[in-house]
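So the structure is just underneath, and the comments pick up after that.
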Amino acid sequence: MRRPVPRAAIVAGALLVLPTRLGAQGFPHLEHGNLASTCDDCHAGARTEGEPLFSIDPAACRACHDGAAARAVEWDGREATPTNLAFAHPRHPALPCGLCHRAPDAKTPMDVRPAEAETCLSCHAPGAAGHRVRGSPCSACHIPLTQARGLPAERIAAFPKPSEHEDAGWRFDHREEAREGTERCAVCHARESCARCHRNADRLAPIAALGSDARVAELAARRAAQGAPAHGPGFERSHGPAASAGLPRCESCHVETECADCHDAPSRPGFHPPDFVVRHGAEAFAARTECADCHSREVFCRECHARAGVGRAGSASAAFHDAQANWLLAHGEAARRNLETCAACHEQTTCLRCHSARGGWQVNPHGARFDADRLADRSTIGCGLCHIDIPGSR
Amino acid sequence: MRGRSQPLAQRAAIGAAVALAGTLALTRGLPGQGVRGELRVRGDFLELQGLEVDSVAASGVAGDPLLRRLPDGTIALCVPNDFCRWRRSGADEWIRPVSQELRLVAWPGVRGVSARVHLRGRYASDGAWPRAEQEIDAISAYVSLDRSEFRVRAGRQFRASPLGYANFDGASFLWRAFRPVRIEAYGGWSLGIGLNGPRDGSLLEAADALAPDRRSLVYGLELGARLGHDISGSAEYRREIRTDRLALTSERLALSGRALLGRVSLDGAATLDLALGEIDEASLRADLPVGRTVRLTLRARHYVPFFELWTIWGAFSPVGFDEGEAIVSWRPIGPPWRIEVGGAYRGYGAPGAGTSFQRLRDDGWRAFATLAWSRGDWWAEGTYRAETGFGAARYGGDALVGRRLGSTGGLILRATSTRTLGEFRRGRQLATGGGAEGYLTVEPFELSAGIAAYRMTSGGRPALEDWTQVRMHAGLAYRFGTGMPSGAGRPPLGPGGREP
């Protein structure tokens, strides 16, 4: 027995298909092949400056598409879609329309398609490797973004990228190209594009050479508000290796004081959320970011825990670790695995009451791999805290 | 003379700041001279409720010798013929920490020479805020000579490296004349991480009876190299030694590398504790775009906590864990959405301690999902995260709605609900609440303010009362000086403190 297709799946499928169908919909030239003798009949603006590109009278369409002879259509004419092309049909040297618009293997002149960039490149940049590939001469056919005033922000956001922009290193390599000239950059970018990262954008000549654009400013602000990470998800917590390796050059976009904004900044909110204090336990145990990279365990963590009554000072005054009936026996395992959280509440002397060769219970805290000689070579004082026979101990 | 060196260093930094400002005031206006600064003040008003120890005569509580239950279910630690003790909610109290920061950078008119100072003042109503008793912090105060081939710095400066973010009082020399290679040597008086002061100062002395009684010297060498535009790496050796040379404070080595291979970026790092012969941390991270809208980040990590040798902790043989993490981010081109999901799993090494009949779990995991949306001046973001495992657990989410006010201000509403489980103890806590924040820049000022309230509900611990915490903050920043970058050059203001 066939299982019924869930209704939700049908709806989801329709939602996926519907935009595609609508997006692909255009005027079916091929089906109207016998109505026009030349392209100019409907596209007078392609030949004559000042005429609309879509010059056919909508009433002419409705003459047939009246709902009886043919399905009714609701079309009231349209404006040419704004582009950033340095191209206007009537100003371009006259060429046969089919040179750019004829579909491959077309059998009739009305079998047309949108022009493809490669056709333009064949004349305007004959040596180019292709469209949107490394080094392709964008400005040969496109005007600077700041001059393409008819483009809405959404279309700018959806601009395709040249292939080299997808390289992981492009973010760090683009300086050389920008120094050579920004004509190519200006096709898609404005000053505000660069100012998203370059704090000194207003003092860099290649950036200053780009125009300013309110649409790009809007997009940049939107991405910032979205919290869209410039370096990829989670980078703010895992950027250490990249920064230390020297690639990228952090200083290209950041100033040194920004390090202190997170690493040493109790007065500038930003890294932890406002109620972090009630949820930081899980993060501390997972050591997702090492607390001690910025905070002193003894002075910061322990002091706060002690004042909150969480940390222990002095004798065993209350049952804090009461989840384990025999915590005293279980604590060794917990300590080995998360000593840093122990140290966030407990002083060393608390442990030395039992774990010292000088007195107490003299419980050996060292693990099987502990290299006593190695440590003694470097810190006799450390050994001397528990052992009496280490010279140099206090 | 424990504790004296710290005020001296602070006084020196303050003196340097005053001298710097005075010198610049006298010579202001000459070509190539300039000063730029920022003064920032922030006040917080926080309601806190701590725990207090309560007790009753052990003879009045029946049960096991050590852990007994009070009539209301509270677990108490009992000493026969003495008292049973437990922790209960303390009284609510308001604390009012205030901090001030001054940042100055000045160029005296000599090519490549600059001076930088970063001071912080802290005050609190009753010392309940960590480190509020330290009134003045000198985070950095140094003079720098910066040329294309080299850089020399002298004074209090910080280093950000895999070995931590720490400052020191001394000098550093960076040589980069042979461009693919850079070498930096540094040395001076060592300062504790997060202290902005020496380890023999009053801060550490008050916090730990075994705090060092001598300052430490630090010296180190970093070698970095780059292969083309796509591969780079560095190695740093650092040694800290007590001034009486009786012991090291630490001896460590850090290695870092990054490779940009086509669309994939790889980075890795390792830190080694040479004193204990341990690999403290080793990580490898790959970031790769999938198509135009999806980004995948994978990370593997080995982690063992590092402890300085003045503590006993390193000799307790910590074992740490190995972890794998994956994050997928999807940002479609058209719709104003961003979706991120991710998770991680970690497994701990065998501790070689404890008892065989009472084992703790030896793993942990976390997962999160974030959905962000924006349209026009409005944006919203929701995150749910779950994290559990050895030691602690939390489950909950945040929802944020914001509206930008032009390019210089904004309002943010937050709502949150997070459940946490007690760390190695019974009980759980639910924090639910929300708040509002606002920020506005009116050059040269930047104002920010916020208010929030969280309802804390406890479960499984009858001695803890439910209560509501109210928090407020207000801040003002003032930027001044010459050559200030325009507002467009700074990253847009926005809400901070978002996870993950």
Side-chain angles (χ1 to χ4, degrees), chain A residues 158 166 168-169 173 195 199 201-202 222 224-226 232-233 240-242 244-247 259 263 267 269-270 272-273 278-279 281-282 285 293 295-296 298-300 303-304 308-309 317-319 321-323 329-330 332-333 336-340 348-349 365 367-368 370 378-379 381-382 392, chain B residues 42 50-51 53 75 77 85 87 99 130 160 164-165 194 203 207-210 224 229-230 232 246-248 256 258 260 265 267 269 275 287 305 309 312-313 316-319 327 329 333 348 351-355 358 372 374 379 387 391-392 394 418 424-426 431 486 488-489 492 496-497:
Chain A
E166 304 285 358
D173 292 347
R199 289 175 68 105
D202 55 347
R222 190 188 300 172
Q226 261 184 305
S244 303
L247 193 69
C259 305
H263 286 284
S267 66
H272 297 307
V278 300
R279 59 167 93 161
F285 272 89
D293 276 354
H295 302 289
S296 164
E298 293 79 15
V299 174
F300 187 86
E303 182 177 334
C304 193
S317 57
H321 294 299
D322 53 15
L329 298 175
E333 184 178 357
R336 281 270 167 81
R337 286 183 176 150
N338 252 108
L339 258 176
E340 66 271 41
Q348 301 177 75
T349 48
F370 178 69
R378 289 162 172 85
S379 179
I381 289 180
Chain B
R42 177 182 160 106
L51 300 177
V53 175
I75 292 179
L77 179 68
R85 296 183 176 87
R87 296 180 193 224
S99 65
Y165 179 90
L203 281 171
D208 199 297
L210 300 180
H229 285 294
D230 299 330
S232 67
L246 285 176
L248 297 183
S256 305
R258 189 162 213 227
L260 307 174
S265 62
D267 55 57
D287 187 84
L309 296 180
I312 59 173
W313 311 116
F316 279 41
S317 306
V319 291
I327 302 175
S329 171
I333 293 171
Y348 289 83
T355 56
Q358 189 167 11
S374 111
W379 60 268
E387 184 159 3
R394 66 170 176 175
T418 301
F424 299 122
R425 57 182 168 140
R426 286 190 175 83
S486 71

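To find a chain, count down the sequence lines: A is the first, B the second, and so on, and within it residues start at 1. What you see below is based on every heavy atom in this structure, not just the backbone, and it leaves out hydrogens, waters and symmetry mates.
Taking B/Tyr348 as the reference, B/Phe321, B/Phe390 meet the ring pair (Phe, Tyr, Trp, His ring centres under 6.0 Å) condition, with sequence neighbours excluded. Contacts of A/Phe370 classified as ring pair (Phe, Tyr, Trp, His ring centres under 6.0 Å), with partners at least two apart in sequence or in another chain: A/His366.
The choice from A/Gly240, A/Gly281, A/Ala308, A/Gly367 that makes the most heavy-atom pairs within less than 4.5 Å of chain B is A/Ala308.
For B/Glu387 against A/Ala282, the heavy-atom pair with the smallest separation is OE2-O, 3.4 Å. Nearest heavy atom pair, residue A/Gln348 against residue B/Ile312, reads OE1-N, 2.7 Å. When all heavy atoms are compared, the tightest approach of A/Phe285 to B/Ala392 is CD1-CB, 3.6 Å. Shortest non-hydrogen contact noted between A/His321 and B/Arg425 is CA-CB, 4.1 Å. Counting all heavy atoms, side chain and backbone alike, B/Leu210 lies closest to A/Thr349 at CG-CG2, 4.1 Å.
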For this session: Evaluate the criterion side-chain contact (heavy atoms from CB on, under 4.5 Å) for residue pair A/Glu340 and B/Trp313; output intermediate values, then yes/no.
Result: CA-CA 8 Å; A/Glu340 66 271 41; B/Trp313 311 116; over 6 Å; no
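One N or O on the side chain of A/Arg336 and one on the backbone of B/Phe316 form a donor-acceptor pair closer than 3.5 Å. Formation of a donor-acceptor pair under 3.5 Å by the B/Arg87 side chain with backbone atoms of A/Gly309 is found in this model. Judged purely by atom type and a 3.5 angstrom limit, B/Ser232 uses its side chain to pair as donor or acceptor with the backbone of A/Ala245. Between the side chain of B/Arg258 and the backbone N or O of A/Pro241, no donor-acceptor pair lies under 3.5 Å. Side-chain atoms of A/Glu298 do not come within 3.5 Å of backbone N or O of B/Ala207 as any donor-acceptor pair.
Heavy-atom distances place the side chain of B/Thr418, and not its backbone, under 4.5 Å from chain A. Within the 4.5 angstrom heavy-atom criterion, only side-chain atoms of B/Ala431, from C-beta onward, approach chain A.
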